[in-house]
Structure formats: structure tokens, C-alpha cells
Amino acid sequence: KGIKRLLLGSETQQVLTLAVAGANFARAAAEDQKSAALLARQLKVTTKATDAQVKATEDFILQMSLANGVADDELRPSLSKLVRGTKDITKAQKLLALSLDVSRGSGKSLSQVTDSISKALGGNMGALARLSPEVKQMVKDQKSLDEILQALGKTYKGSASTAADTFQGRMDRLKVAINETKESIGYALLPIFEKMVTFIQTRIFPVIQKFVDSIGRQGLAKTLKDTSGQIFNWYREADGATGATLDFAAAVVTLGVAF
């Protein structure tokens, strides 16, 4: 009865809820970290970008994301494609801003627009024809890429900011801001979760495997008898167990205060 109350008590449920939230935040941060790392690699490989240029590009992505309500995980792959096509960060950023205007004004996805422009940068002008009837005709008339991009800029100028100022746009911006906050908390928790993952891999899994192997050799009853009184000793004796637990507890408390 006492154990049941402990397991189902409101305090325990709150801690578990916060722990799940912390895990979700850490996962979001890990995904963001991966996305940022892939963009950084592309910038360095294609343009020989310095760490300072990579950071400036990340700042650019963040500001565009917050201003327009577009997730940075959507902006980074699009910018990567444009960087590969232009071999220039500044030009790629300008084309990303144009692509966002075209996307918002035409209703096409940002990925579709940047795909078309990226292919055109590589010489496949036909890819642009799908963006609008006007562009289709310009491609047919063999207009230059610069002329077509200028026409797109004139047609869709301001579409992204207009969309961002609508009610849906403001909701999208709010969602991005909330997600950025979650990721910031998640980044703070990542070292803790990394320590716990390492602890589980090096301390818990081997014990479980040993337990399972013992059952296979001598059966469940004898295994339980032999390991009674020892089943939790591995945890108390494991190097770093106390530190990982205390760090995790502190993280849970921090989450509780924040939310």
C-alpha cells in the first residue's frame, strides 16, 4: 500500500512529468544541434567559412526564423542548397530571403522554391518554370537567371513580412519562440542526459545482460535467490551514479521553477 502511494503520489507524478519534459527538450536540442552542425559543415566545405562566419549565419537564421515564424530546421537545409549553388554565403542569404517571399506569396513550400532556384543556379532553368506562369514564359523566352530572379523579387516582394503580420503568422512566430526556449533549456540539459546515457550503457545494460544470462543458465528462481540483496548494490557502487542522479534532480527542480 505504501509503495503504491509512493508510485502514484502527486509529487512523483510531477517529477515524472518534468522528467519527460526535460527529455523532450533535450531531444529537441539534439535535433537542433545536428541541423546546425550539418549547415556548419556545408558552409566550411563549400565556402571555407570561418567559425565567426558560421556563428553569424546561425544568427541570421535565428532572426529570420523568429521574424517569419519558420522553423530554423526548415531554413538551414534551404540555405545549404543555396550555398552549394552560389558558393557564397551572402548571396545565398539574399536568395533565401527571396525564396521565403516566393514561398509565402505563391503557397509553394520553401523547400520547393529553393530546390528550383538551386537547380537553376546549376544550369537547369526549366526547374524555375514551375514557380509561376510568368516565370514559365520567361524561361521559354530564354531570359537570364538574374532577370528571372529580379522578376520574382518584384512580384513577391514583402510577401513574407505580410504573412508574418497576419494572425496565423503571429501564431507561427509565437510557436517558433516557444520552441527556441525549449531548445535553450534542452541544450542546458544535454550534458546531464549524456552522462545518464553513458551511465546506463556502461552500468545498467551489463547488469541486465548478466541477469538474463544467469536466468538462461540456472533458471529464474535460483537467479532471484542468488541476486537478492545485490540487485540494487550495483547502482550505489557505480562510479558517477550519485552525481548523475543529483544532476538530474537539479535539472528537474529547475524545470519545475521555470514552468
Side-chain angles (χ1 to χ4, degrees), residues 27-28 31-32 34-36 38-39 42-43 46 56-183:
R27 182 169 62 248
E31 291 172 354
D32 185 73
K34 177 182 177 182
S35 174
L38 289 173
L39 175 59
Q42 189 67 66
L43 294 175
T46 306
T57 301
E58 275 298 320
D59 291 340
F60 167 81
I61 289 288
L62 177 61
Q63 293 306 314
M64 178 174 279
S65 177
L66 292 172
N68 296 283
V70 182
D72 51 17
D73 289 347
E74 182 179 356
L75 293 173
R76 289 190 188 107
S78 292
L79 182 61
S80 289
K81 286 183 285 190
L82 296 172
V83 165
R84 286 194 295 271
T86 61
K87 309 294 189 295
D88 184 280
I89 296 175
T90 301
K91 289 179 181 178
Q93 290 178 350
K94 290 179 179 178
L95 286 177
L96 182 62
L98 170 62
S99 298
L100 191 56
D101 274 335
V102 175
S103 171
R104 290 296 194 247
S106 67
K108 292 178 172 58
S109 70
L110 179 62
S111 179
Q112 182 179 352
V113 175
T114 52
D115 271 345
S116 297
I117 293 178
S118 180
K119 289 176 181 177
L121 289 167
N124 182 6
M125 298 293 289
L128 290 172
R130 293 187 291 273
L131 294 181
S132 75
E134 176 189 11
V135 171
K136 185 175 182 179
Q137 185 59 47
M138 292 184 74
V139 171
K140 187 176 180 180
D141 294 340
Q142 296 185 326
K143 298 293 184 180
S144 70
L145 177 58
D146 284 342
E147 288 176 308
I148 293 175
L149 293 177
Q150 288 174 10
L152 284 171
K154 183 178 180 180
T155 300
Y156 295 108
K157 182 179 180 180
S159 294
S161 60
T162 298
D165 285 336
T166 64
F167 178 75
Q168 182 60 54
R170 291 195 294 273
M171 293 298 292
D172 290 340
R173 288 157 59 192
L174 176 61
K175 180 180 178 181
V176 166
I178 292 173
N179 287 338
E180 286 296 326
T181 301
K182 291 179 180 179
E183 288 174 2

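- Of all the heavy atoms in L82 and S118, the pair that sits closest is CD2-N, 4.4 Å.
- Residue pairs meeting the side-chain hydrogen bond (donor to acceptor under 3.5 Å, both in side chains) criterion with at least one partner in residues 121-141, sequence neighbours excluded, are E134-T155, Q137-D141.
- Considering every non-hydrogen atom in both K119 and A127, the closest pair reads CB-CB, 3.8 Å.
- Partners of E74 under the side-chain hydrogen bond (donor to acceptor under 3.5 Å, both in side chains) rule, at least two apart in sequence or in another chain, do not exist in this structure.
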Going by atom type alone, with no hydrogens or angles, which donor-acceptor pairs under 3.5 Å involve a side-chain atom of residues 90-102 and a protein atom two or more places apart or on another chain?
residue, atom, partner, partner atom, Å
S99, OG, L95, O, 2.7
D101, OD1, S159, N, 3.3
D101, OD1, A160, N, 2.8

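- Screening residues 169-178 for salt bridge (charged side-chain N to carboxylate O under 4.0 Å, His left out) gives D165-R173 as the qualifying pairs, with residues at least two apart or on separate chains.
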Please walk me through it: do L128 and M138 pass side-chain contact (heavy atoms from CB on, under 4.5 Å)?
-> CA-CA 9 Å; L128 290 172; M138 292 184 74; over 6 Å; no
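- Nearest heavy atoms, S103 versus L110: OG-N, 3.3 Å.
- Q150 CD to L145 CG: the interatomic distance, rounded to the nearest 0.5 Å, is 10.0 Å.
- With rounding to the nearest 0.5 Å, the separation of CD1 in I117 from CG in L121 is 7.5 Å.
- Residues passing the salt bridge (charged side-chain N to carboxylate O under 4.0 Å, His left out) test with D146: none are found, sequence neighbours excluded.
- For the atom pair CG (L149) and NZ (K154), the distance works out to 15.0 Å, reported to the nearest 0.5 Å.
- The stretch residues 104-114 participates, sequence neighbours left out, in these side-chain hydrogen bond (donor to acceptor under 3.5 Å, both in side chains) pairs: S78-T114, K81-S111, K81-T114.
- With sequence neighbours excluded, the residues that form a side-chain contact (heavy atoms from CB on, under 4.5 Å) with L38 are K34.
- To the nearest 0.5 Å, atoms NZ (K143) and CE (M125) are separated by 11.5 Å.
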Distance-only donor-acceptor pairs under 3.5 Å for side chains of residues 56-65, two or more places apart:
residue, atom, partner, partner atom, Å
T57, OG1, Q53, O, 2.8
E58, OE1, R76, NE, 3.4
E58, OE1, R76, NH2, 2.9
E58, OE2, R76, NE, 2.9
D59, OD2, K55, NZ, 3.3
S65, OG, V70, O, 2.5

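- Counting all heavy atoms, side chain and backbone alike, A129 lies closest to V139 at N-CG2, 4.2 Å.
- At a threshold of 4.5 Å between non-hydrogen side-chain atoms, the residues D32 and N179 do not count as touching.
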